[in-house]
Amino acid sequence: MMMAKTFQLDRRRFLAGSGSAVLITSLPQMSHASEADLLRARTELFGDRTIQEGRVTVTLPPIAENGHSVPLTVAVDSPMTETDYVRQIVILSPRNPLPLIGQFHLTPRSGKALVSTRIRMSGTQAIQAIAEMNDGSLYSGSMETVVTLAACVVL
Amino acid sequence: MAAIRLAVPDTAQRGEVIEIKALIQHPMESGFRRGSRGEVIPRNIITRFECRYNGALVFASDFQPAIAANPILTFHTVATETGELEFKWTDQNGEAWSEIATITVT
Amino acid sequence: MKHVGLGLVLISMTACSRTEIAPETSIPQNELQSGYAFLTAETQALQDDAFENPGFLWVDRGERLFQSVASTEPSCLTCHENGLDGVAASFPKLDPETGELINLEGRINACRTRHQGLPPLAYESEDLLSLTAYIAHQSNGDPISVDVSGDAAPYYELGLDYFITRRGQFNLSCQQCHTENWGKQLRGDTISQGHGNGFPAYRLEWQSLGSLQRRLRDCDTGVRAEPLPYGDPTYVAVELFLAARAQGLEAESPAVRR
C-alpha cells in the first residue's frame with residue numbers, strides 16, 4: 001500500500017494509537033482494599049482507641065513513576081527517651097490488596113523516630129502512618145502520591 | 001545466597017544517634033501476581049526484620065506483601081558501647097539470613 | 001480520538017512489514033541522552049546512591065562469584081587478576097575463536113566452557129546476571145565503544161535491520177519510538193532514546209536486575225510481537241547496533257530504570 005511508504009507518525013496519532021491499544025491489553029485484574037478495609041485494619045490493631053492527627057509526618061514523592069517501589073519516610077515528633085518514646089509505627093493503605101503495609105517497632109535506644117523503606121502502591125492513594133507511643137496514645141499522618149502508568153505494560 | 005548490604009558507621013561517639021541502612025536481596029513475591037498462564041504466583045515474603053545491638057533488640061519490623069522487592073530499611077540507634085550489631089531477616093517459612101557489623105564507640 | 005486510533009490500526013494491518021525510512025537512524029552525538037535523563041528525580045537518586053541502588057546486590061554477588069573457585073578449575077580471578085576495567089563497554093564483539101559475534105553474557109559463558117570446565121549459565125539466572133553486573137560495573141563511566149568494521153559489519157547491518165523493521169500487532173519499529181519520538185509522552189512515561197548503556201539494569205517494573213535482552217524481549221512484547229529467544233544471534237546483533245548507536249555515551253551499569 002502506498003501509505004506505508006510515506007506514512008510518518010505524527011504525535012497525536014502515535015499517542016492515540018499506541019495508548020489505546022495498551023490500555024485494552026493491560027486492564028488490571030487485582031483486588032483492591034477500600035477505605036473501609038483500612039478502617040477495619042485500624043480497628044483490629046487499635047480497637048476503638050482515639051487516633052489524633054498530628055506528630056506524624058509521611059514523606060512520599062509527589063509522583064511515583066512505578067508503583068512497585070516507592071520511597072517512604074515516616075518521622076514522628078518524639079524525644080525518644082526512656083519515659084517518652086514511639087513504640088511502633090504502622091503503615092496503612094486504602095487501595096492496596098491488603099490495607100496493612102508494614103510495622104516498625106522502635107525502642108528508646110532508637111534515638112530518633114525516623115524510618116525509611118520502599119513500598120508497593122497499587123495506584124494513586126494517600127498512605128497513612130499511625131504512631132503508637134509508650135503511653136498508648138495514638139497519632140497519625142498521611143500523604144498522597146500519584147502513581148503513573150507506564151507506556152508499555154508487559155503482563 | 002541472599003546478598004545483604006549494610007551501612008553502619010565504623011566508629012561513633014557514645015550517645016550519638018547513628019543512621020543504619022540494611023538492604024537484602026529478596027523478591028518479596030506478593031502472592032497477588034499471576035504468571036503468563038494465569039496461575040497465581042505463590043506468596044514468598046520476608047515477614048520479620050530484627051536489629052540487635054550486643055544482643056539487645058533495638059529495632060524490628062514486620063513486613064507485609066506491600067514492602068517492595070529487595071527490601072531496604074533506614075533507621076536509627078544510639079551508639080552505646082563498642083560491639084556488634086546483628087541484622088536478621090526471617091521469611092514466612094522460617095528461613096533466616098543474618099549479617100553482623102561491628103562498631104567502635106569512644 | 002477514537003477514529004484516529006482505529007485509523008492507525010487499519011493502516012497497521014495493511015502496511016508492509018518494512019519501513020522505507022532511510023537507514024540514518026542515529027541520534028546526533030550532541031543529542032545523545034542516557035535513559036537516566038528520562039527518569040524522575042527520585043529514580044535518578046536511587047541509581048546514584050551507591051548503597052541503596054539495588055543493582056549493587058547483584059554486583060556484590062558477582063564479585064564473590066568472580067573470586068570463588070569451582071573445584072580444581074581456575075576462578076575468573078585466576079586469569080583476570082587485574083579486573084576487567086572498561087572491557088564491557090566494547091561488547092558485543094567478535095569472538096576470535098569462532099568468528100561469531102558475542103555479547104558479555106556469551107563471553108562469560110565461553111570462559112566457563114573453555115577455561116573453567118563449567119556448564120554455561122542460563123540467561124537471567126542469578127549467577128549470570130551477577131557476573132555480568134559485576135563486570136559491566138567495571139566499565140562504569142567509560143564511553144561505549146564498539147567495533148562495527150570488517151567481519152562485524154554484517155552483524156551491524158542485521159541489528160540495524162531489526163531496529164528499523166516494523167513488527168507486531170502495533171506494527172511499530174524500535175526506530176519509530178526511540179529515534180523519531182523520544183522525549184514525547186506516552187501515557188505516564190517520557191519515551192527514551194532506547195540506549196543499552198545502563199544494562200544489566202535494575203528495572204522497577206521487573207523488581208529485579210535484568211539483561212539488555214530481557215529489555216528487548218519486553219519491547220517486542222510491548223508492540224505485541226513475538227520476542228526472540230534469549231541469546232538469539234539476532235538480538236546479539238541488535239545489541240551491537242544499539243551500542244554503535246550509543247557510541248560515546250557513558251556506560252552506567254547497574255542503572256535503575258522504570
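Quick caveat, the model's predicted, so the values are computed rather than measured. Chain identifiers are assigned alphabetically (A, B, ...) following the order of the sequence lines, protein sequences preceding nucleic acid strands; residue numbering begins at 1 within each chain.
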Q. Does CD belonging to B:Q13 count more than 12 external heavy atoms closer than 6.0 Å?
A. no
Q) How about C:D49 and B:K21: do any of their side-chain heavy atoms sit closer than 4.5 Å? A) yes
Q: Please report the closest heavy-atom contact between C:F51 and B:R5, naming both atoms and the distance.
A: O-NH1, 3.1 Å
Q. Should we say atom CD of B:E39 is surrounded by more than 12 heavy atoms from elsewhere, each under 6.0 Å from it?
A. yes
Q) Which atoms of C:E126 come close to chain B, meaning under 4.5 Å heavy atom to heavy atom: side chain ones, backbone ones, both, or neither? A) side chain
**Q.** Beyond-backbone contact of B:I72 with C:E52, side-chain heavy atoms, under 4.5 angstrom
**A.** yes
Q.
When you compare the side chain of C:Q207 with that of B:R33, does any pair of heavy atoms fall below 4.5 Å?
A. yes
**Q.** Test item: B:N70 and C:W58 side chains (from C-beta on) under 4.5 Å apart, heavy atoms
**A.** yes
**Q.** pair C:D60-B:Q25: side-chain heavy atoms closer than 4.5 Å
**A.** no
**Q.** Reported CG-to-NE2 distance for the pair C:L57 and B:H26, which is rounded to 0.5 angstrom
**A.** 12.5 Å
Q) What part of C:Y202 gets closer than 4.5 Å to chain B, counting heavy atoms only: side chain, backbone, both or neither? A) side chain
